[in-house]
Amino acid sequence: MEIPAEIAEDWARIREGAEELIPERDWVDKLVRSRREKRPLRVKLGCDPSSPDLHIGHSVVLRKLREFQDMGHRVVFIIGDATGRIGDPTGRSETRPQLTEQQVKANADTYFQQVFRILDEAKTEIAFNSQWFRSLTFEDAIRLLAQMTVARMLERDDFEKRHAAGHAIHLHEFLYPLMQGYDSIMVRADIEAGGTDQKFNLLVGRDLQREAGQEPQVILTMPLLVGLDGKNKMSKSLGNQIGICEPPDQIFGKAMSITDEMMEEYYRLALGYPTAEARRLMEECRAGTAHPRDLKARLARELTARYHSEAAAREAEKRFNRVHRERERPEEMEELRLRLGSDGKLWICEALVQAELSRSNGEARRLIRQGGLKIDGQRVDDEMLELGRGSFDVQAGRRRFLKITLT
RNA sequence: GGAGGGGUGCCCGAGUGGUCAAAGGGAGCAGACUGUAAAUCUGCCGGCGCACGCCUACGGAGGUUCGAAACCUCCCCCCUCCA
């Protein structure tokens, strides 16, 4: 389709890295009008406040929103404290426990701290959707529900799959997309962004807005970042995430643990490299002109630097190399004090459990039997070892280090 | 309301009276190897100071039996078809 010259640059920037822009015609109209009338567009993003930790999967969309802000538009950030009670249907079907107002507030606060590492606070509006859902009557809810059919609901990929697989779908889950769409009406969204898994919900917003006499929002979906397991999308509940508030060593190390094949996506989505650039790096790698390890280290360094600093990233890399390439103990270790028993001794397994290096004595024994325990650099083979007073550099497995002082 | 199929360890899933702490896979952990916490290979993988022993565990509560994840009763939950 023909893109007017006046928005060509913005358009190219918006499209970079995005999965879909729907519908393109309306996008162009909105962008042109915005420019001519000098009216910033309202770009909506909703989030679920139930888990307050953002990870770099979230950063994909946030980064995109930041670009809109840099183009002069406004972001409307919705804390879904009402929708959060349902939880976006992802297969877990239980109604989530209602958070107290203080919990929501606390979660939201930490959320903002993280979000504004990426977004421009001055160009961000914040709303809690309980604001309008609290006063919605049952009758209003019926009206909302009446705008959707079961057949359409079942078009949603996730519902369809669960239905086909014979998994339960609870009725209240149908409410989620409708509530999200209702949010769009309330904040008069021009644009709503989300991951590709949000496509259905975003489209529902269009329908509801149209029904409410508003111009429907246009939607933008971003690809989902695959988690550290290389299989599922990054999500906290799967434990395959890199949190943006994690310490430098964690971010660096986790980034180093992705497979080679995943690097391109991480460069593109987590760091925002242009698609072409990310692909070029991978091709160099395949051609043998670049070493995959170096590329991965660069990825890890840049990712760490993004959420900490260049210096912190360099330090993290140094420590990583020391521990993993040179197989040496890190220069600094966390310290922990433990008390000896009344006989002036502490059984090694007990110490490992207390230090949370093992979950049970059995696990500690296994660690020792498998040759995974070193004290002061010496392998420990005796699982009955008793420690006395003193300070010990303990290494459990390849990468857990702790200085334990017994008193 | 009727008929049928299910609920097993962190997850998926096999198991229909003892040989079951329960196959197999995934996850996790360890070791080897390496280019890294990648890939691959090997091992471990409920708890108990480790004991061919005890405890806990196959949706819940009872029961049958020398012995139950398995059989019976009731209950709870999920799915499919019919109404």
Side-chain angles (χ1 to χ4, degrees), chain A residues 90-95 159 161-171 173 226-232 235-242 246-267 282 284-286 288-301 303-304 313 316-328 330 341-343 345-354 356-374 379-387 394-401:
Chain A
T90 52
R92 267 164 262 275
S93 54
E94 68 279 5
T95 308
F159 287 144
K161 283 198 188 119
R162 277 159 66 192
H163 190 60
H167 294 303
I169 300 170
H170 291 254
L171 280 177
E173 297 182 68
V226 69
L228 297 176
D229 56 16
K231 285 198 285 271
N232 302 298
S235 93
K236 195 185 171 198
S237 51
L238 292 172
N240 61 2
Q241 83 285 22
I242 301 179
E246 291 192 65
D249 286 353
Q250 286 293 310
I251 295 181
F252 192 95
K254 284 183 175 181
M256 287 304 282
S257 81
I258 65 171
T259 63
D260 294 355
E261 297 68 51
M262 286 156 72
M263 279 198 280
E264 182 171 349
E265 286 284 274
Y266 272 59
Y267 266 109
M282 294 307 283
E284 277 186 23
C285 184
R286 271 188 289 274
T289 47
H291 198 297
R293 207 210 80 91
D294 295 337
L295 266 185
K296 207 175 287 179
R298 172 172 159 192
L299 172 83
R301 212 181 318 120
L303 202 55
T304 310
E317 181 170 26
K318 222 187 277 173
R319 281 190 293 268
F320 183 90
N321 287 342
R322 184 179 163 92
V323 172
H324 299 291
R325 285 175 92 171
E326 286 139 41
R327 287 294 148 75
E328 300 205 20
S342 49
D343 58 352
K345 290 177 176 173
L346 187 63
W347 180 37
I348 181 62
C349 291
E350 183 63 31
L352 289 172
V353 171
Q354 282 185 31
E356 289 176 1
L357 291 171
S358 299
R359 258 174 314 199
S360 65
N361 291 350
E363 201 174 284
R365 283 167 185 282
R366 257 176 257 138
L367 182 73
I368 294 168
R369 274 178 211 161
Q370 295 178 136
L373 181 72
K374 281 185 186 164
R379 201 171 112 176
V380 174
D381 294 304
D382 177 14
E383 60 195 63
M384 287 314 200
L385 181 71
E386 302 272 3
L387 297 175
V394 177
Q395 176 177 7
R398 179 76 32 95
R399 59 182 206 265
R400 282 134 66 219
F401 298 91

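Not measured: the values here are computed from a predicted model. Here is how names work: the chains are called A, B, and so on, in the same order as the sequence lines, proteins then strands, and each is numbered from 1.
- Looking at heavy-atom distances under 4.0 Å, A:N240 makes no contact with the nucleic acid at all.
- Checking the phosphate oxygens (OP1, OP2) of B:A37, no side-chain nitrogen or oxygen of A:R399 falls inside 4.0 Å.
- With both pairing distances under 3.5 Å, B:C29 is matched to B:G43 as a Watson-Crick or G-U wobble pair.
- Residue contacts for A:R369: at a heavy-atom cut-off of 4.0 Å it reaches a base atom on one of the strands shown.
- B:C74 and B:G60 make up a base pair, with Watson-Crick or G-U wobble contacts both under 3.5 Å.
- At a threshold of 4.0 angstrom between heavy atoms, the contacts of A:G253 include nucleobase atoms, whether or not backbone atoms are also involved.
- Among the nucleotides B:C50, B:G43, B:C29, the one closest to any side-chain atom of A:R400 is B:C29.
- Taking a pair to require two hydrogen-bonding distances under 3.5 Å in either a Watson-Crick or a G-U wobble arrangement, B:A37 remains unpaired.
- With hydrogens and angles ignored, no donor-acceptor pair closer than 3.5 Å exists between the side chain of A:R322 and the base of B:U36.
- Both distances falling under 3.5 Å, in either a Watson-Crick or a G-U wobble arrangement, place B:G24 opposite B:C12.
- Atom CG in A:D260 sits roughly 17 Å away from atom P in B:U34 (whole-Å rounding).
- Nucleotide B:C66 is matched to B:G18 when pairs are restricted to Watson-Crick or G-U wobble geometry with both distances under 3.5 angstrom.
- The residue A:E317 sits apart from the nucleic acid: no heavy atom pair falls under 4.0 Å.
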Under 3.5 Å, which protein N or O atoms sit close to an N or O of nucleotides 51-57 of chain B? Give each pair with its distance.
none

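- When side chains are defined from C-beta on, A:R293 counts as touching A:M256, because their heavy atoms get closer than 4.5 Å.
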Could you pull out the protein-nucleic contacts involving nucleotides 45-47 of chain B (nitrogen or oxygen on both sides, under 3.5 Å)?
unit_1: B:G47; atom_1: OP1; unit_2: A:S360; atom_2: OG; d: 2.7
unit_1: B:G47; atom_1: OP2; unit_2: A:R366; atom_2: NH2; d: 3.0

